[in-house]
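In what follows, every heavy atom counts, from backbone to side chain, and hydrogens, waters and symmetry copies are set aside. So that the names make sense, note that chain A is the first sequence line, chain B the second, and so on, each numbered from 1.
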Number of protein chains: 2
Amino acid sequence: MKRFSESTVRRLSHYYRVLEEVHAEGQRMISSHLLAEREDITSAQVRKDLSYFGSFGRRGLGYNVEHLRTEIRAILGLDRRWRVALVGAGHIGAALLAYRGFRDQGFDVVAVFDSSAERVGKTLDELVVQDISKLPECGDIEMGVIATPVRAAQEVADMLVAAGVRGILNFAPRKLRVPEGVAVRTVDMTMEFESLSFALSQTRGKSRRRAGE
Amino acid sequence: MKRFSESTVRRLSHYYRVLEEVHAEGQRMISSHLLAEREDITSAQVRKDLSYFGSFGRRGLGYNVEHLRTEIRAILGLDRRWRVALVGAGHIGAALLAYRGFRDQGFDVVAVFDSSAERVGKTLDELVVQDISKLPECGDIEMGVIATPVRAAQEVADMLVAAGVRGILNFAPRKLRVPEGVAVRTVDMTMEFESLSFALSQTRGKSRRRAGE
DNA sequence: CGTTCCTTGTGAAAACGTTCACCTGCGGCT
DNA sequence: AGCCGCAGGTGAACGTTTTCACAAGGAACG
Ligand SMILES: NC(=O)c1ccc[n+]([C@@H]2O[C@H](COP(=O)([O-])OP(=O)(O)OC[C@H]3O[C@@H](n4cnc5c(N)ncnc54)[C@H](O)[C@@H]3O)[C@@H](O)[C@H]2O)c1
Ligand SMILES: NC(=O)c1ccc[n+]([C@@H]2O[C@H](COP(=O)([O-])OP(=O)(O)OC[C@H]3O[C@@H](n4cnc5c(N)ncnc54)[C@H](O)[C@@H]3O)[C@@H](O)[C@H]2O)c1
């Protein structure tokens with residue numbers, strides 16, 4: 001089966017977001033140029049990305065907003081709902097639970113687990129926090145979110161995999177070892193800070209260029 | 001001035017983290033192979049990455065852990081402290097404030113801003129939440145974190161830039177327009193979910209090679 | 001001192017991703 | 001209808017990143 005680059009998939013998400021906006025504004029058609037403009041992408045890149053998956057546009061006209069939106073939904077797997085388990089009901093976990101954006105895109109957090117006696121049993125955003133030992137029994141879950149301290153992350157990942165999860169969103173700053181067929185995306189905020197720190201260190205002392213937009 | 005790829009910088013962060021671990025374990029030397037092993041990188045990649053910045057190893061021996069650690073600290077700009085302003089004292093903002101990891105790496109959140117009357121004046125993690133209108137007056141800040149709703153993100157970015165910030169960590173799912181010389185890193189969790197959703201949709205049924213990243 | 005076993009640093013090659021350039025198809029206009 | 005301008009699709013060119021392969025440096029040891 002063909003593989004698609006991670007960057008292409010990321011950009012599909014961008015396009016999808018732009019399409020949602022444009023759709024809300026009532027636009028019927030959109031050109032690759034306009035689709036590119038809102039984010040920082042060239043029109044050729046847009047066309048190339050979309051061409052990997054099919055021919056969705058019409059020459060001379062551009063893309064039908066509603067149609068392309070539907071197509072990208074299907075490509076990204078957003079034409080269904082996903083059952084997500086959250087492990088670690090701490091600061092990050094609570095913030096994620098409170099966020100409505102995930103549900104809006106089809107990601108339903110249906111179970112929350114923690115190991116701390118203080119948290120287990122409490123209700124958080126309409127979900128009762130369960131003990132982590134109950135994870136294996138929690139039915140049909142497709143994705144897991146790891147929001148535990150780094151030392152527990154690998155163990156939790158193993159449990160999630162054992163429970164049948166094939167996609168993990170990991171907030172612990174650590175590479176997780178998972179079997180083939182399980183996808184992991186790690187969000188590492190410290191690394192983002194370090195990347196900024198590097199960028200700022202590099203430009204230090206450089207002549208201040210005018211703010212050319 | 002020479003430019004370095006974003007991926008190289010990311011990996012430097014990885015190496016740095018491994019070095020911290022290995023240092024704590026008391027190891028004196030480490031080979032590129034061992035340095036690579038803990039994350040999912042080849043030893044050639046490690047050597048290539050490091051070679052962009054200098055010759056830090058010794059043939060036949062590997063790298064001195066303490067020395068390489070110091071060098072990478074300097075390269076990433078972690079041999080100093082950074083003053084960070086946080087804008088948006090909501091769910092994500094509160095979670096970030098509570099996190100000690102940033103301070104440990106030299107990132108000090110020294111001011112918190114919000115626009116809501118409910119939040120302004122409250123104390124959060126030893127910092128008094130200030131009204132956003134006070135942002136321009138808040139001394140010497142190098143980085144900003146945007147944890148506001150998406151509709152406020154661009155405006156806040158403009159204010160941060162006006163206040164002299166040259167690095168922005170953005171949690172709002174939106175591309176920010178900033179002048180040249182200002183670095184932005186956007187953490188978009190919905191996009192990560194969508195990336196997982198895509199990966200799972202692709203591998204549906206058939207088991208294929210796609211281990212964790 | 002020579003041999004052996006490591007491991008780095010780095011050109012060169014390969015793989016990968018992005019941009020270019022152009023052909024084709026479509027609607028509108030005269 | 002015929003022409004024009006617009007815009008998608010796509011092979012080829014280009015640039016960047018990763019991998020390969022190996023020469024050279026270094027330590028240990030008899
Ligand atoms: N809070 C942040 O802003 C932030 C920033 C960057 C990275 N992170 C990372 O995110 C993760 C979570 O951070 P946080 O601030 O929410 O931490 P936290 O301490 O607030 O929450 C962690 C939760 O995980 C629970 N837990 C511990 N072991 C567990 C186990 N084995 N099974 C189930 N639950 C378990 C704890 O009881 C706690 O409720 C950490 O790995 C941290 O490094 C957090
Ligand atoms: N919470 C999550 O898990 C999560 C996940 C993904 C993305 N995000 C994004 O992160 C951002 C923050 O999310 P949140 O859940 O923390 O939201 P939140 O509503 O809890 O907090 C937002 C805060 O920003 C403040 N604010 C609004 N306008 C402001 C302005 N102009 N200046 C200063 N402060 C202002 C509000 O008063 C509020 O306190 C949003 O853009 C959201 O899309 C959050």
Side-chain angles (χ1 to χ4, degrees), chain A residues 1-15 18-19 22 27-72 75 175 195 198 202, chain B residues 1-15 18-19 22 27-69 71-72 75 175 195 198 209-211 213:
Chain A
M1 195 190 268
K2 205 161 145 198
R3 285 217 42 203
F4 304 95
S5 84
E6 189 59 36
S7 358
T8 293
V9 177
R10 280 253 201 86
R11 285 191 298 265
L12 285 184
S13 285
H14 271 130
Y15 305 151
V18 174
L19 288 170
V22 165
Q27 288 273 326
R28 251 185 60 76
M29 301 295 287
I30 189 168
S31 68
S32 60
H33 184 73
L34 245 52
L35 197 43
E37 196 172 69
R38 304 220 180 187
E39 308 292 330
D40 234 7
I41 300 168
T42 66
S43 61
Q45 184 74 77
V46 172
R47 297 198 299 276
K48 185 63 104 181
D49 284 337
L50 295 176
S51 78
Y52 293 139
F53 301 93
S55 289
F56 307 121
R58 292 178 63 192
R59 295 169 194 233
L61 292 179
Y63 301 89
N64 177 293
V65 173
E66 181 112 31
H67 177 236
L68 186 56
R69 186 164 149 270
T70 308
E71 292 285 356
I72 295 185
I75 293 166
K175 192 97 185 182
S195 166
F198 174 82
Q202 288 300 108
Chain B
M1 193 190 272
K2 205 164 147 196
R3 290 229 28 219
F4 304 95
S5 84
E6 188 61 35
S7 356
T8 293
V9 177
R10 278 253 203 87
R11 284 190 300 264
L12 285 184
S13 285
H14 271 129
Y15 306 150
V18 173
L19 288 170
V22 164
Q27 289 273 326
R28 250 185 63 76
M29 301 295 289
I30 189 168
S31 68
S32 61
H33 184 73
L34 245 53
L35 198 42
E37 197 173 67
R38 303 221 182 187
E39 309 291 332
D40 234 8
I41 300 168
T42 66
S43 61
Q45 184 75 78
V46 172
R47 295 198 299 278
K48 186 62 105 179
D49 284 337
L50 294 177
S51 78
Y52 293 139
F53 301 93
S55 288
F56 307 121
R58 291 179 62 193
R59 294 168 195 234
L61 292 179
Y63 302 88
N64 178 293
V65 173
E66 181 111 31
H67 176 235
L68 186 56
R69 187 163 148 272
E71 291 286 357
I72 295 185
I75 293 166
K175 192 100 185 180
S195 166
F198 174 81
R209 60 172 216 85
R210 173 168 259 298
E213 182 185 341

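Following rounding to the nearest Å, L61(A) (CG) and dG9(D) (P) show an atom-to-atom distance of 11 Å. One interatomic measurement links the two molecules: CD of E6(B) to P of dT18(C), which rounds to 14 Å at whole-angstrom precision. A straight line from CZ of F56(B) to C1' of dG26(D) spans 19 Å, rounded to a whole angstrom. In this structure, the CZ atom of R10(A) is 13 Å from the P atom of dG17(C), given to the nearest Å. Rounded to whole Å, the distance from CG on L35(B) to P on dC6(C) is 20 Å. Computed from coordinates, the M29(A) CE to dC26(C) C1' distance equals 10 Å when rounded to whole Å. Here the P atom of nucleotide dG9(D) and the CZ atom of F53(A) are 13 Å apart, to the nearest Å. Across the protein-nucleic acid pair, H33(A) atom NE2 and dT19(C) atom C1' stand 15 Å apart, rounded to whole Å.
At a cut-off of 3.5 angstrom, counting only N and O atoms as typed in the model, there is no donor on one side facing an acceptor on the other between the side-chain of K48(A) and the base of dG8(D). Counting atom types as modelled, R58(A) pairs no side-chain N or O with a base atom of dG8(D) as donor and acceptor under 3.5 Å. Scanning atom types as modelled, no donor and acceptor separated by under 3.5 angstrom connect the side chain of R59(B) and the base of dT7(C).
Taking 4.0 angstrom as the limit, S32(B) places a side-chain polar atom (N or O) nearer than this to OP1 or OP2 of dT8(C). When the side-chain nitrogen and oxygen atoms of R3(B) are compared with OP1 and OP2 of dT16(D), none of them lie within a distance under 4.0 Å. Residue Q45(A) places no side-chain N or O under 4.0 Å from the OP1 or OP2 atom of dG17(C). The shortest distance between the side-chain N/O atoms of Y63(A) and the OP1/OP2 oxygens of dG9(D) is below 4.0 Å.
Between S55(B) and S5(A), the residue anchored nearer the 5' end of DNA chain C, judged by the nucleotide with its closest heavy atom, is S55(B). Position along DNA chain C of the nearest nucleotide to T8(A) versus R47(A) favours T8(A) as the more 5'-ward residue.
The line from OH of Y15(A) to CZ of F56(A) is 12.5 Å long, rounded to the nearest 0.5 Å. Separation of atoms CZ (R69(B)) and CD1 (I30(B)) is listed at 12.5 Å; rounding is to 0.5 Å. Rounded to the nearest 0.5 Å, atoms CZ (R11(B)) and CG (D40(B)) are 12.0 Å apart. Taking CZ of R58(B) as the start and CG of N64(B) as the end, the distance is 9.0 Å to the nearest 0.5 Å.
The side chain of T42(A) lies closest to dT19(C) when the candidates are dT18(C), dT19(C), dT17(D). Closest to the side chain of A44(B), out of dC26(C), dA21(D), dA27(D), is dA21(D). The side chain of Y52(B) lies closest to dT18(D) when the candidates are dT18(D), dT18(C), dA21(D).
Of all heavy-atom pairs between F198(B) and F53(A), the closest is CE1-CE2, 4.0 Å.
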